[in-house]
Amino acid sequence: LAACSSKSSESSATASASAPESSASASATASVSPTAEATTTVEPGPSMKGEVVLADYSSTGTFEPGTKEHKAVNVAIPVEPAKLRENSVEGLHAFIAYWQATLNYLLLTGDGTRFTNIDHTGDYSTVAEFFQSMYASESGWVIGSERPMVLSLTADRPTKDIRTGYYTWATEMVIDGAEGAGVYSKTNDRVQPLTEVFKYPGKPVAGQIVAHYQDGTWRMVRRAPGTASASPVPSLSPSASAEGTASAEATTASAEASAQ
């Protein structure tokens, strides 16, 4: 009986000792969870961070900013970069540079041909239509500025969504706040500062470029599929009057701007 009792105690002790080990093992197993698969990537390469500048322009003379007496004279014409339609990060950078340059050309001349030719999604057609209409009616134009909008990339390289192929590139936008830079209304003989026209807060506005490559060209959109985050160039909302009465709202930048 004593021996039996001893074996029973040993058996009980063994069971007690193994129980915590089993629980610990179960706990450790439960704490391990599958690693989430990455859905974005940053392709390696040199940094492209900084102000976006188009390398080549075609000019017929010395630039003269617009005044109350005349529109801007000899505005340099943006020349398409060699990599504009290349499916690469370098191609995307070239597209952004040309996009910005053609937008500024539109703001200074009212000629939106080059801008609308690359704005394939039509997401920024409202701002183009507003300024084209203003210039066509000769009711107003931009004065005192050579580059109304300046865009900078604040990340070295863009982030790519490997599921959708969309690229996102963080940006900052600055509107020319120099004295005299504005939209002149010929009807009212009034100048509205560009910073007021575009409701610019007086400091760089953060946004992002969202674009994807399709059918041999880059296409910029306000937001990537399935997201509600703001994109490209931050929003620009022209409020200058045409013919003294009309007003328009336009959204450009990511630049989802950026810039919905």
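- Judged by distance alone, the side chain of Tyr135 and the main-chain N or O of Leu107 form a donor-acceptor pair under 3.5 Å.
- The minimum heavy-atom distance between Ala211 and Leu92, with the atom names listed, is CB-CD1, 3.8 Å.
- To the nearest 0.5 Å, atoms CD (Gln214) and CZ (Arg219) are separated by 4.5 Å.
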**Asked** Stepwise, does the side-chain contact (heavy atoms from CB on, under 4.5 Å) test hold for Phe63 with Val73?
**Response** CA-CA 6 Å; Phe63 173 78; Val73 178; over 6 Å; no
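- Looking at Asp176, its side chain does come within 3.5 Å of a backbone N or O of Ala178 through a donor-acceptor pair.
- Residues Met149 and Val174 form no side-chain contact, since every pair of their non-hydrogen atoms from C-beta on lies 4.5 Å or further apart.
- Taking 4.5 Å as the limit, some side-chain heavy atom of Asn117 sits within range of a side-chain heavy atom of Thr113.
- When each of Tyr166, Tyr167, Trp169 is tested with Trp218 by the rule ring-ring contact (aromatic ring centres under 6.0 Å, His included), just one qualifies, namely Tyr167.
- Salt-bridge formation is not detected for the pair Arg114/Glu80: no Lys NZ or Arg NE/NH1/NH2 atom is positioned less than 4.0 Å from an Asp or Glu carboxylate oxygen.
- Distance alone, capped at 3.5 Å, places no donor-acceptor pair between the Gln100 side chain and the Val53 backbone.
- Formation of a donor-acceptor pair under 3.5 Å by the Tyr200 side chain with backbone atoms of Lys203 is found in this model.
- The structure places OG1 of Thr41 at 10.5 Å from CG of Asp161, a figure rounded to the nearest 0.5 Å.
- Annotation for Asn104 and Pro148: closest pair OD1-CD, 3.2 Å, computed over non-hydrogen atoms.
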Original post:
Where do Leu153 and Val52 land on the side-chain contact (heavy atoms from CB on, under 4.5 Å) test, with the steps shown first?
Top reply: CA-CA 7 Å; Leu153 300 171; Val52 177; 3.7 Å; yes
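- Checked by atom type and distance alone, the side chain of Ser133 never pairs as donor or acceptor with a backbone atom of Phe130 at under 3.5 Å.
- Note that CD1 of Ile143 is 10.0 Å distant from NE2 of His70, once rounded to the nearest 0.5 Å.
- Atom NE2 in His93 sits 13.0 Å away from atom CD in Glu86 (nearest 0.5 Å).
- Side-chain atoms of Asp189 and Ser185, non-hydrogen and from C-beta on, never get closer than 4.5 Å to each other.
- The two residues Ser145 and Pro65 make their nearest non-hydrogen contact at N-CB, 4.0 Å.
- Taking each heavy atom of Ser58 and Val79 in turn, the nearest pair found is N-CG2, 3.7 Å.
- Among all heavy-atom pairs drawn from Val183 and Val142, the shortest one is CG2-CG2, 4.2 Å.
- Here the closest heavy-atom approach between residue Tyr105 and residue Ala76 is recorded as CD1-O, 3.3 Å.
- A salt bridge links Arg147 to Glu51: one of the charged nitrogens lies within less than 4.0 Å of a carboxylate oxygen.
- Judged as a ring pair (Phe, Tyr, Trp, His ring centres under 6.0 Å), the pairs with a partner in residues 173-196 (not counting sequence neighbours) are, in order, Trp141-Tyr184.
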| said: Evaluate Arg157 against Val89 for side-chain contact (heavy atoms from CB on, under 4.5 Å), listing each step before the verdict. | reply: CA-CA 8 Å; Arg157 310 276 291 181; Val89 172; 3.8 Å; yes
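- Atoms OG and CG, on Ser59 and Asn74 in that order, are 6.0 Å from each other to the nearest 0.5 Å.
- A salt bridge between Lys49 and Glu172 is absent, with no side-chain N of the basic residue lying under 4.0 Å from a carboxylate O of the acidic one.
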Could you walk me through whether Leu54 and Tyr57 satisfy the side-chain contact (heavy atoms from CB on, under 4.5 Å) test, starting with their C-alpha distance in whole Å, then the side-chain angles of each, then the deciding distance to 0.1 Å, before giving a yes or no?
CA-CA 8 Å; Leu54 182 69; Tyr57 288 84; 3.8 Å; yes
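- At least one side-chain heavy atom of Ile209 sits under 4.5 Å from a side-chain heavy atom of Leu151.
- For the side chain to side chain contact (heavy atoms under 4.5 Å, CB included) test, residues two or more places apart in sequence or in another chain that qualify with Thr159 are Thr40, Val42.
- We find the CZ-NZ distance between Arg190 and Lys68 to be 11.0 Å, quoted to the nearest 0.5 Å.
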